[in-house]
Structure formats: C-alpha cells, structure tokens
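Input: a single structure, listed below in structure tokens.
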Amino acid sequence: MSTWLTAGARPAAALLAGGLGTWIGVRPTLTAGTVLLLVPLAVLARSPLRALRHMPDQPPAAPGTGGDPVPPPPARPAAVPAPARTEDDRHDRSPGGDAP
C-alpha cells in the first residue's frame, strides 16, 4: 500500500514542484523541498517508536477462532497442459520435401 501511495503521489508532487519553481524560483523551491524532507524525521523523533526496544507480542486470537493460525493451503503442482500433438504437426525436413 505504501508503494501505491508514493507512486501515485509522484505526478502530483512533480506538478506542484514545477509550479512552485516557476512561481518563486528554483533555489527557494529546492530549499522548501529540503525542509519538507525533514518533516518525517521530526514526526518519527516525537513518536513512541523511539522507546520501542523489541517487537511487541502478537495480539490474542479473536474469540471463536480457536487461537490456532490458519494453515496454508496445500501446495499443488502447477497445472500446465501438455501441448497437443497430432500427426499433422510433423514436418519433413528431408531434401526431397514431403516425399516419403
């Protein structure tokens, strides 16, 4: 989902950056972009993730599910059909052509 969101935001960001560069100039636009790159750093620095030292335990299973994980479906061999061969598929590559 993250890749989908970032890939979808690229055209909009390119248009915004181009418009801003035309309006206020290239250097101020690059400065604004650099400052905006620091926003996620500030958000992560203030989040509770900094205090996380190990992965939390899995949440308890929902009631009625038995608590066991769902086993993966059994592996089946890939169903690739064999090519159909008929008598007409043979090609005679002798110098005489189709002569027997």
Side-chain angles (χ1 to χ4, degrees):
M1 174 112 171
S2 175
T3 304
W4 180 77
L5 288 174
T6 57
R10 285 181 189 153
L15 284 173
L16 181 65
L20 195 60
T22 302
W23 186 43
I24 66 172
V26 175
R27 287 183 189 237
T29 301
L30 290 173
T31 303
T34 303
V35 170
L36 287 175
L37 285 173
L38 297 175
V39 170
L41 180 66
V43 169
L44 285 175
R46 296 185 47 84
S47 75
L49 288 175
R50 288 186 62 207
L52 188 63
R53 297 292 178 235
H54 58 84
M55 292 295 290
D57 294 329
Q58 289 186 348
T65 61
D68 294 332
V70 177
R76 293 186 289 171
V80 177
R85 297 219 43 146
T86 63
E87 294 298 319
D88 296 335
D89 284 343
R90 291 182 290 162
H91 296 286
D92 187 357
R93 295 193 176 150
S94 63
D98 290 337

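Reckoned from all heavy atoms, side chains included, excluding hydrogens, waters and symmetry mates.
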Check: Shortest non-hydrogen contact from P28 to I24?
Finding: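 Heavy atoms of P28 and I24 come nearest at CG-O, 3.4 Å.
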Next item on the list: Of all the heavy-atom pairs spanning L49 and L44, show the shortest one and how long it is.
Entry: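 Closest approach of L49 to L44: CD1-CD2, 3.9 Å.
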Note to self: What's the separation between atom OG1 in T31 and atom CG in L36, rounded to the nearest 0.5 Å?
What the structure shows: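 Result: 11.0 Å between the selected atoms.
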